[in-house]
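By convention in this document, chain letters (A, B, ...) are assigned in the order of the sequence lines, proteins followed by strands, and residues within each chain are numbered from 1.
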Amino acid sequence: MKPRKLQRNFYARDTATVARELLGKHLVHVDGGIVRRGRIVETEAYVGPHDLAAHSSKGITPRTKIMYGPPGFAYVYLIYGMYHCMNVVTEPEGHGSAVLLRALEPVAHLENNTKGPGLLCRAMGIDLRLNGHDLLSEDLYLEDAGEDATFAIAQRPRIGVDYAGEWAEKPLRFYIEGNRFVSRK
DNA sequence: AGGATGATATCC
DNA sequence: GATATCATCCTC
């Protein structure tokens, strides 16, 4: 099976399903001519405005309008003043959902730590300039690398969302069981 | 356990 | 305009 770029219809589906199926896919960023590539090993689903852990629960604001936009675009934000986090927008336009990419296994031109959403973005060269970027572009996209997805998938509560009440407990974090590049057990 | 560090939302 | 908060990470 040849590598192929994930198309709009991949993203335009149930958010938890997309989060699970992104495991094993490749994230590619052509960063100043350097093609950085990592294999996704950990994700989290933020399923919509009713999800109190999701930024979209604030409604449509200048920041969250990307989450409410069409699927297959990058939602990038700055957290704690020093780290960026990258999401992919899911479901039909207007839904307000996305999948956070939490950890990568290095494949090409990733010199630094990729275990955790902030470190992932730093290693990939991803920052606010890529907020709203189309993932069907030539310089930032996700790809089915054609591997057989035989790995076991773990499903656990999300990290860093204790403020979200019952939504903090929902098992919307997915990772490849046993992979050494997962950010936390 | 606490600090770095800046965008964002939500007040006045 | 001021302030509280933050989907993190590092060091102690």
Side-chain angles (χ1 to χ4, degrees), chain A residues 11 13-23 25 27 29 31 36 38-69 71-91 95-106 110-133 135 140 142 153-176 179-185:
Chain A
Y11 301 104
R13 298 179 296 152
D14 170 77
T15 305
T17 301
V18 174
R20 188 184 302 106
E21 293 191 9
L22 280 177
L23 297 176
K25 302 295 191 290
L27 173 64
H29 181 208
D31 181 17
R36 305 193 194 278
R39 178 175 177 252
I40 297 169
V41 299
E42 181 181 358
T43 61
E44 283 179 359
Y46 290 84
V47 301
H50 56 295
D51 175 359
L52 296 183
H55 292 168
S56 57
S57 66
K58 297 285 186 186
I60 300 177
T61 69
R63 177 199 212 188
T64 64
K65 68 178 188 232
I66 301 294
M67 270 187 94
Y68 281 94
F73 285 77
Y75 168 45
V76 181
Y77 62 91
L78 182 69
I79 188 69
Y80 299 108
M82 42 173 65
Y83 295 102
H84 297 273
C85 291
M86 175 178 168
N87 301 250
V88 303
V89 176
T90 60
E91 312 222 25
H95 193 94
S97 51
V99 172
L100 171 68
L101 305 182
R102 281 197 60 91
L104 298 177
E105 178 175 336
L110 291 180
E111 312 295 328
N112 299 316
N113 194 343
T114 52
K115 297 167 60 171
L119 297 176
L120 177 160
C121 284
R122 195 176 68 181
M124 285 292 291
I126 290 166
D127 60 28
L128 281 180
R129 293 172 300 178
L130 289 169
N131 189 31
H133 202 85
L135 296 175
L140 183 68
L142 283 78
I153 296 175
Q155 193 169 348
R156 296 265 157 40
R158 295 170 293 184
I159 295 196
V161 295
D162 292 344
Y163 59 86
E166 63 180 79
W167 281 94
E169 302 166 24
K170 300 201 181 281
L172 291 171
R173 173 175 174 244
F174 302 89
Y175 61 86
I176 296 179
N179 188 282
R180 65 170 279 221
F181 294 98
V182 171
S183 67
R184 294 158 65 169
K185 285 238 163 181

Item to complete: Please collect all side chain to side chain donor-acceptor pair (under 3.5 Å) contacts where either partner lies in residues 158-168 of chain A, sequence neighbours excluded, each pair once.
Response: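 Checked against side chain to side chain donor-acceptor pair (under 3.5 Å) - neighbours excluded - the pairs reaching residues 158-168 of chain A are A:Asp51-A:Arg158.
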Worksheet item: Would you say A:Tyr77 stacks on C:dA7, if stacking means ring centres under 5.5 Å apart and planes within less than 30 degrees?
Response: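 Whether judged by distance or by angle, A:Tyr77 falls short somewhere, so it does not stack on the base of C:dA7.
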[X] [atom1] - [N] [atom2] separation (whole Å):
X        : N     : atom1 : atom2 : result
A:Lys170 : C:dA7 : NZ    : P     : 18 Å
A:Ile66  : C:dA7 : CD1   : P     : 18 Å
A:Met86  : C:dT8 : CE    : P     : 16 Å

Worksheet item: Got a sec? Which of residues 114-130 of chain A come in under 4.0 Å of DNA chain C, heavy atoms?
Response: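 Result for residues 114-130 of chain A: A:Gly116, A:Pro117, A:Gly118, A:Leu119, sorted by number.
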Worksheet entry | First-last contacting nucleotides on DNA chain B - partner chain A, under 4.0 angstrom, heavy atom |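 Endpoints of the contacted stretch of DNA chain B: B:dA4 to B:dT10.
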Worksheet item: Would you say A:Thr61's side chain and A:Thr64's backbone share a donor-acceptor pair under 3.5 angstrom?
Response: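 Yes, because the side chain of A:Thr61 sits within donor-acceptor range (under 3.5 Å) of the backbone of A:Thr64.
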Residue list, side-chain hydrogen bond (donor to acceptor under 3.5 Å, both in side chains) with [X], at least two apart or on another chain:
X        : result
A:Glu105 : A:Arg39, A:Asn179
A:Tyr11  : none
A:Ser97  : A:Thr15, A:Thr90

Fill in: Within residues 56-69 of chain A or reaching into it, pairs that qualify as salt bridge (charged side-chain N to carboxylate O under 4.0 Å, His left out) - sequence neighbours excluded
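Not a single pair qualifies under salt bridge (charged side-chain N to carboxylate O under 4.0 Å, His left out).
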Just how far is it from atom [atom1] of [X] to atom [atom2] of [Y], taken to the nearest 0.5 Å?
X        : Y        : atom1 : atom2 : answer
A:His29  : A:Leu140 : NE2   : CG    : 5.5 Å
A:Thr43  : A:Leu100 : OG1   : CG    : 8.0 Å
A:Phe174 : A:Arg156 : CZ    : CZ    : 11.5 Å

Below 3.5 Å, can you tabulate the donor-acceptor pairs from side chains in residues 113-127 of chain A to any protein atom, sequence neighbours excluded?
{"from": "A:Asn113", "atom 1": "OD1", "to": "A:Lys115", "atom 2": "N", "distance (Å)": "2.8"}
{"from": "A:Thr114", "atom 1": "OG1", "to": "A:Leu104", "atom 2": "O", "distance (Å)": "2.6"}
{"from": "A:Lys115", "atom 1": "NZ", "to": "A:Arg180", "atom 2": "O", "distance (Å)": "3.4"}
{"from": "A:Asp127", "atom 1": "OD1", "to": "A:Arg129", "atom 2": "N", "distance (Å)": "3.0"}
{"from": "A:Asp127", "atom 1": "OD1", "to": "A:Arg129", "atom 2": "NE", "distance (Å)": "3.0"}
{"from": "A:Asp127", "atom 1": "OD2", "to": "A:Arg129", "atom 2": "NE", "distance (Å)": "3.2"}
{"from": "A:Asp127", "atom 1": "OD2", "to": "A:Arg129", "atom 2": "NH2", "distance (Å)": "3.0"}

Fill in: Greater than 12 external heavy atoms within 6.0 Å of A:Arg184's CZ
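Counting other residues, nucleotides and ligands, CZ of A:Arg184 stays at 12 neighbours or fewer.
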Worksheet item: Which is true for A:Arg158 with a 4.0 Å heavy-atom rule: it touches a base, it touches only sugar-phosphate, or it touches nothing?
Response: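 Touches nothing.
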Worksheet item: What stems involve DNA chain C, if each pair must be Watson-Crick or G-U and both of its distances must be under 3.5 Å, with 3 or more such pairs in a row?
Response: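 Ordered by first number, the stems with DNA chain C (at least 3 consecutive pairs each) read B:1-4 with C:8-11, B:6-11 with C:1-6.
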Item to complete: Please identify each residue that fulfils salt bridge (Lys or Arg N to Asp or Glu O under 4.0 Å) with A:Glu91, with sequence neighbours left out.
Response: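 Checked A:Glu91 against salt bridge (Lys or Arg N to Asp or Glu O under 4.0 Å); zero matches.
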Item to complete: Assign a letter to each nucleotide of nucleotides 1-6 of chain C from its 5' end: B, base within under 4.0 Å of a protein heavy atom; S, sugar-phosphate only; -, no contact.
Response: -----B
Discussion item. Once side chain to side chain contact (heavy atoms under 4.5 Å, CB included) is applied, do any residues pair with A:Asn131, and if so which ones, sequence neighbours excluded?
Written reply: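 A:Asn131 satisfies side chain to side chain contact (heavy atoms under 4.5 Å, CB included) with A:Ile66, A:Tyr75, A:Val76 only.
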